[in-house]
Amino acid sequence: MSAHGALLVAGGTVLLAIALVLVRALLGPTVYDRILAVNALGTKTVILVAILSFTSGRPEFLDVALLYTLINFVVTIAILKYKEIGRLG
Amino acid sequence: MVKAVSEFLLLDVILLFLLVVTSVSVFLLRNLFAATMVLSLYSLLMSVVWLNLDAADVALTEAAVGAGIATVLLIGALVVVGAEERRHPRLHRPALVLVGLTTAALVYGTFDMPRFGDPLAPAQTHVAPEYISQTVEKLHASEPAARGGDYGQHGDDYFHGHVPNLVTSVIVNYRAYDTLFEVAVIFTAGVSLILLVGRRKSERRGAA
């Protein structure tokens, strides 16, 4: 299998994973299901961006993936803080 | 090459389908915390769409503002109003009519727009050629007159021809318009915000 084909298969798999995580975020009975879904989907977005950047031949898009990682972290911290102490400050 | 295009198109179709699912479910979810989470997911997916469209700067903004700041701000709002939506079964008919009319007017306005990619659209026949002629053809003329260029002949467009990239040239040369309308948008948003939430306590009786 060519490198390009491998990237395609990987991209399709990540998209499938995104769909599954989305289902969990929508159905998720508890709050923690949704928090975990947001965090996992952030990670999958990072992978998708990385795959996309290599498929389209522009590895410099990896910078965007790095930013997503940081934002994902900040958002998760904010959500968890809200859940634990009921406010952000 | 055609194959490569179709892959990205396929990715776009899948992502847009997921976007429709998320945005509809934001409306349907009654738990505001869950709606905030799904809205954050929406922004992440949307930023991948932007990246797929080669708009890396828009993707960065969407991720930073949409998924990052907006989510944290919405959680800050949840701290104030609580995570459960209060039921408002009453339908505000004048508002519904107003929104419907505005939507109809906007949709009617799109009928006048040229087809996507139409080579005869005014933007292609008037604006774009001017930009291209300002940038590309004067690149050789951008040398100062002392070094043999005829740069001095273009008194009214001092900056033109200095930037080899067409898009950069347009963005830099017409920055003032961009900033002007950005300021107008931010001013409108600020005034609306003051009108909505900036009222004194005595006037706020009865507001939800």
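Note that the structure is predicted; figures quoted are calculated from it, not measured. Letters A, B, ... are given to chains in the order of the sequence lines, protein chains preceding strands, and every chain is numbered from 1.
More than 12 non-hydrogen atoms from other residues, nucleotides or ligands lie less than 6.0 angstrom from CD of B/Glu182. Counted within 6.0 Å of CZ on B/Arg115, heavy atoms from surrounding residues, nucleotides or ligands total 12 or fewer; the atom is thus considered open.
Of the listed residues (B/Leu78, B/Leu29, B/Val21, B/Leu45), the greatest number of heavy-atom pairs within a distance under 4.5 Å of chain A belongs to B/Leu78. When each of A/Ile79, A/Val49, A/Leu48, A/Val74 is checked for heavy-atom pairs under 4.5 Å with chain B, A/Ile79 comes out on top. Interface check for chain B: of the options A/Val64, A/Leu70, A/Asn72, the most heavy-atom pairs under 4.5 Å are formed by A/Val64. Across B/Val80, B/Thr71, B/Leu18, the residue that shares the most heavy-atom pairs under 4.5 angstrom with chain A is B/Leu18.
Counting heavy atoms from C-beta on, the side chains of A/Val21 and B/Leu41 never come closer than 4.5 Å.
Interface residue B/Val38: only side-chain heavy atoms are found under 4.5 Å from chain A. The contact between B/Leu51 and chain A is made by backbone and side chain atoms together, counting heavy-atom distances below 4.5 Å. If you measure heavy-atom distances from A/Lys44 to chain B, you find no contacts under 4.5 Å at all. For a residue to count as touching a neighbouring chain, one of its non-hydrogen atoms must lie under 4.5 Å from one of that chain's; by this rule B/Thr36 does not touch chain A.
From B/Leu15, atom CG reaches atom CG of A/Leu15 across 5.5 Å, with rounding to the nearest 0.5 Å. In this structure, A/Leu41 CG and B/Met37 CE are separated by 12.0 Å, a value rounded to the nearest 0.5 Å.
Closest approach of B/Ala59 to A/Tyr68, counting heavy atoms only: O-OH, 3.5 Å. Looking at every heavy atom in both residues, B/Leu11 comes nearest to A/Leu52 through CD2-CD1, 3.4 Å. Heavy atoms only, all atoms of each residue included: A/Leu67 and B/Ala63 are closest at CD2-CB, 4.4 Å. Among all heavy-atom pairs drawn from A/Val38 and B/Ser40, the shortest one is CG1-OG, 4.0 Å. For the pair A/Ala78 and B/Val72, the tightest heavy-atom approach, listed with the atom from each and the gap, is CB-CG2, 3.8 Å.
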Steps toward side chain to side chain contact (heavy atoms under 4.5 Å, CB included) verdict (B/Tyr42, A/Leu22): CA-CA 10 Å; B/Tyr42 175 89; A/Leu22 208 57; over 6 Å; no
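Residues of residues 104-112 of chain B never come closer than 4.5 Å to chain A when only heavy atoms are counted.
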Ignoring hydrogens and angles, write down the donor-acceptor pairs under 3.5 Å from the side chains of residues 29-36 of chain A, residues two or more places apart or on other chains.
unit_1  : atom_1 : unit_2  : atom_2 : d
A/Thr30 : OG1    : A/Tyr32 : N      : 3.4
A/Thr30 : OG1    : A/Asp33 : N      : 3.3
A/Thr30 : OG1    : A/Asp33 : OD2    : 3.2
A/Asp33 : OD2    : A/Thr30 : N      : 3.4
A/Arg34 : NE     : A/Ala25 : O      : 2.9
A/Arg34 : NH1    : A/Gly28 : O      : 3.4
A/Arg34 : NH2    : A/Leu26 : O      : 3.3
A/Arg34 : NH2    : A/Gly28 : O      : 3.4

